[in-house]
Amino acid sequence: MSPHASYLLIYVGVLLEMLVCRVTPILLLKGRTLPERVEEAFSLIPVAAFAALVANDLIQPDVLMGDPKAGILPFVAALPVILVAKKTGSLIWSAVVGMLAYAALLWLV
């Protein structure tokens with residue numbers, strides 16, 4: 001089998017898997033009402049995904065072990081972000097404040 005045929009076979013397989021896993025639940029649940037607990041659980045998915053992304057950037061054990069001061073900077077920069085997020089509820093302002101706080105801390109240290 002040529003490399004191009006292998007690539008095409010893998011591509012088609014992945015495409016079909018994505019369609020089945022993403023489209024089938026939508027088609028099966030279309031027009032149905034879900035129990036309140038299920039809808040509440042589904043509403044937590046975006047928050048959990050965002051928290052996982054943030055935690056992945058904040059917690060870096062190799063940096064903490066090498067230079068504890070550099071490892072703590074993201075946590076210190078996150079404090080004003082938390083305040084702005086609670087006050088405004090805006091992702092844009094939180095991101096801007098986070099970048100400015102991190103840049104200011106890097107400049108000061």
Atom pairs and distances, side-chain donor-acceptor, residues 84-92, under 3.5 Å, sequence neighbours left out:
| from | atom 1 | to | atom 2 | distance (Å) |
| --- | --- | --- | --- | --- |
| T88 | OG1 | V84 | O | 2.8 |
| T88 | OG1 | S90 | N | 3.2 |
| S90 | OG | I92 | N | 3.4 |
| S90 | OG | W93 | N | 3.2 |

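There is no path of hydrophobic side-chain contacts, each under 4.5 Å, that joins L100 to W107. L8 and L16 fall within a single hydrophobic cluster, where Ile, Leu, Val, Met, Phe, Trp and Tyr side chains are chained together by heavy-atom contacts under 4.5 Å. There is no path of hydrophobic side-chain contacts, each under 4.5 Å, that joins L44 to V38. V76 and L106 fall within a single hydrophobic cluster, where Ile, Leu, Val, Met, Phe, Trp and Tyr are joined by side-chain heavy atoms under 4.5 Å apart, directly or via other members. Cluster membership check: V12 does not share its hydrophobic cluster with V23, using side-chain heavy-atom separations under 4.5 Å among Ile, Leu, Val, Met, Phe, Trp and Tyr.
Here L105 contributes atom CG and I72 contributes atom CD1; the two are 11.5 Å apart, rounded to the nearest 0.5 Å.
In this structure, the side chain to side chain contact (heavy atoms under 4.5 Å, CB included) partners of A101, at least two apart in sequence or on a different chain, are A77, P80. Remark: V47 engages no residue in a side chain to side chain contact (heavy atoms under 4.5 Å, CB included) (not counting sequence neighbours).
Within 6.0 Å of atom CD in E36, 12 or fewer heavy atoms from other residues, nucleotides or ligands are found, so the atom counts as exposed in its surroundings.
For the residue pair L58 and F75, the shortest heavy atom distance occurs at O-CE1, 3.7 Å.
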